[in-house]
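Only one structure is covered here, and it is reproduced in the block below.
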Amino acid sequence: MFRTMMKAKIHRARVTESNLNYVGSITIDEDIMDAVDIAENEKVQIVNNNNGARFETYVIKGPRGSNVFCLNGAAARLVQEGDVVIVISYALVAEEKVKDHHPKVAIMDENNQIVEMLRTEPASTVL
C-alpha cells in the first residue's frame with residue numbers, strides 16, 4: 001500500500017505576478033524549487049490565503065534569484081499580485097517508509113526569501 005504524503009511545501013510566498021494570457025502553470029524561482037525539491041512540470045496544489053481558493057497546476061522554473069511566484073493562465077483568475085499563497089507537492093510513499101518520510105518545508109518572508117527550512121509541518125502558527 002502507498003500513502004499520499006506531503007513532499008514539499010512553500011509556506012506564505014507572495015504572488016509577484018499573474019499572467020492570464022500564458023498557457024498555464026505557476027512560475028517559481030528555480031533556487032526555491034531546488035531548496036524544497038520541486039521539479040519543473042511537477043504537479044502542485046496552490047492555496048490562496050487571501051481568498052481561500054485551492055487549485056492544482058504544474059511548475060515552470062523561473063529565473064534564479066528572481067523570487068518570482070507568477071500564476072499563469074486560468075490560475076491567474078484565482079490570485080492577485082501580493083496575495084499570500086502556499087505551494088504543496090505530494091508523493092506516494094510506501095507504507096513501510098511513512099514513519100521515516102520527512103517533507104521539505106520552506107517558510108518564506110514578505111520578499112519571497114526563505115527564512116527557515118523545516119523537515120516537518122509545525123504544529124503552530126507561522127506568520
Side-chain angles (χ1 to χ4, degrees):
M1 180 169 72
F2 290 89
R3 293 186 187 224
T4 303
M5 307 292 290
M6 180 177 66
K7 180 181 81 79
K9 179 177 179 181
I10 303 170
H11 188 75
R12 297 188 60 82
R14 298 221 179 246
V15 174
T16 57
E17 182 183 353
S18 62
N19 184 346
L20 184 60
N21 296 313
Y22 194 83
V23 175
S25 68
I26 181 171
T27 304
I28 300 175
D29 179 322
E30 191 174 2
D31 287 337
I32 298 168
M33 290 172 57
D34 288 348
V36 295
D37 191 27
I38 291 178
E40 187 168 35
N41 297 311
E42 185 170 343
K43 179 181 174 180
V44 292
Q45 179 182 39
I46 310 295
V47 180
N48 186 330
N49 284 5
N50 291 77
N51 64 20
R54 298 174 78 92
F55 54 94
E56 295 175 341
T57 190
Y58 61 93
V59 177
I60 294 176
K61 60 184 171 184
R64 291 187 180 278
S66 65
N67 300 328
V68 66
F69 280 82
C70 178
L71 278 300
N72 303 301
R77 294 220 182 259
L78 302 173
V79 300
Q80 294 182 25
E81 188 175 322
D83 282 357
V84 174
V85 296
I86 300 169
V87 180
I88 309 163
S89 74
Y90 300 91
L92 293 174
V93 177
E95 184 69 30
E96 61 273 11
K97 301 210 180 222
V98 167
K99 289 183 181 178
D100 296 323
H101 173 73
H102 297 284
K104 293 183 178 181
V105 180
I107 307 298
M108 310 301 285
D109 69 9
E110 60 278 353
N111 299 309
N112 289 339
Q113 295 286 319
I114 297 172
V115 294
E116 187 174 6
M117 286 295 299
L118 306 172
R119 292 188 59 200
T120 187
E121 179 79 346
S124 63
T125 302
V126 178
L127 299 176

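Heavy-atom minimum distance, Ile86 versus Arg12: CG1-N, 4.1 Å. Annotation for Val59 and Ala39: closest pair CB-O, 4.0 Å, computed over non-hydrogen atoms. The shortest heavy-atom contact between Lys9 and Ile88 is CG-CG1, 4.3 Å. Across every non-hydrogen atom of Ser89 and Val44, the tightest pair is CB-CG1, 4.1 Å.
Met5 is not connected to Val47 by any chain of hydrophobic side-chain contacts under 4.5 Å among Ile, Leu, Val, Met, Phe, Trp and Tyr, and they are in different clusters. A chain of hydrophobic side-chain contacts below 4.5 Å, direct or via other Ile, Leu, Val, Met, Phe, Trp or Tyr residues, connects Ile32 to Val85. Both Ile26 and Met33 are assigned to one and the same hydrophobic cluster, defined by single-linkage of ILVMFWY side chains at heavy-atom distances under 4.5 Å. Residue Ile60 is not grouped with residue Val15 when hydrophobic side chains (ILVMFWY) are merged at heavy-atom distances under 4.5 angstrom, including chains of intermediate members. Cluster membership for Leu92 and Val98, using ILVMFWY side-chain heavy atoms within less than 4.5 angstrom, is not shared.
Using a 4.5 Å cut-off on side-chain heavy atoms (C-beta onward), Phe55 and Val79 make contact. Contact annotation: the side chain of Arg119 never approaches that of Val105 to less than 4.5 Å [non-hydrogen atoms, C-beta and beyond]. Annotation: side chain of Met108 is in contact with side chain of Ile114 (closest heavy-atom distance under 4.5 Å). Asn67 places none of its side-chain heavy atoms less than 4.5 Å from the side chain of Arg14.
Side chain of Asn19 to main chain of Ala76: no donor-acceptor pair is present (N/O by atom type, distance under 3.5 Å, no hydrogens or angles). A donor-acceptor pair under 3.5 Å is formed between the side chain of Asp29 and the backbone N or O of Ser66. Under the 3.5 Å distance criterion, the side-chain polar atoms of His101 are matched with a main-chain donor or acceptor of Met6. Under the 3.5 Å distance criterion, the side-chain polar atoms of Asn112 are left unmatched by any main-chain donor or acceptor of Ala13. In this structure a side-chain-to-backbone donor-acceptor pair under 3.5 Å is present from Asn48 to Leu78.
Atom NZ in Lys61 sits 13.5 Å away from atom OG in Ser25 (nearest 0.5 Å). With values rounded to the nearest 0.5 angstrom, Ile38 atom CD1 is found 5.5 Å from Ile28 atom CD1. Between the CG atom in Leu118 and the CD1 atom in Ile107 there is a gap of 5.0 Å [rounded to 0.5 Å]. Here the CG-CD distance, from Asn51 to Gln80, works out to 8.0 Å after rounding to the nearest 0.5 Å. To the nearest 0.5 Å, atoms NZ (Lys104) and CG (Asp34) are separated by 9.0 Å. Within the model, atoms CG of Leu71 and OG1 of Thr16 stand 9.0 Å from one another, a figure rounded to the nearest 0.5 Å.
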Q: Test side chain to side chain contact (heavy atoms under 4.5 Å, CB included) on Asn50 and Val84 and set out the steps.
A: CA-CA 6 Å; Asn50 291 77; Val84 174; 3.8 Å; yes
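More than 12 heavy atoms of other residues, nucleotides or ligands sit less than 6.0 Å from atom OH of Tyr58. Residue-environment remark: CZ (Arg64) exceeds the threshold of 12 foreign heavy atoms within 6.0 Å.
A side-chain hydrogen bond (donor to acceptor under 3.5 Å, both in side chains) with Tyr90 is found for one member of Lys43, Gln45, Lys7 and no other, namely Gln45.
Residues Asn72 and Thr27 have side chains that bring a donor and an acceptor to within less than 3.5 angstrom of each other.
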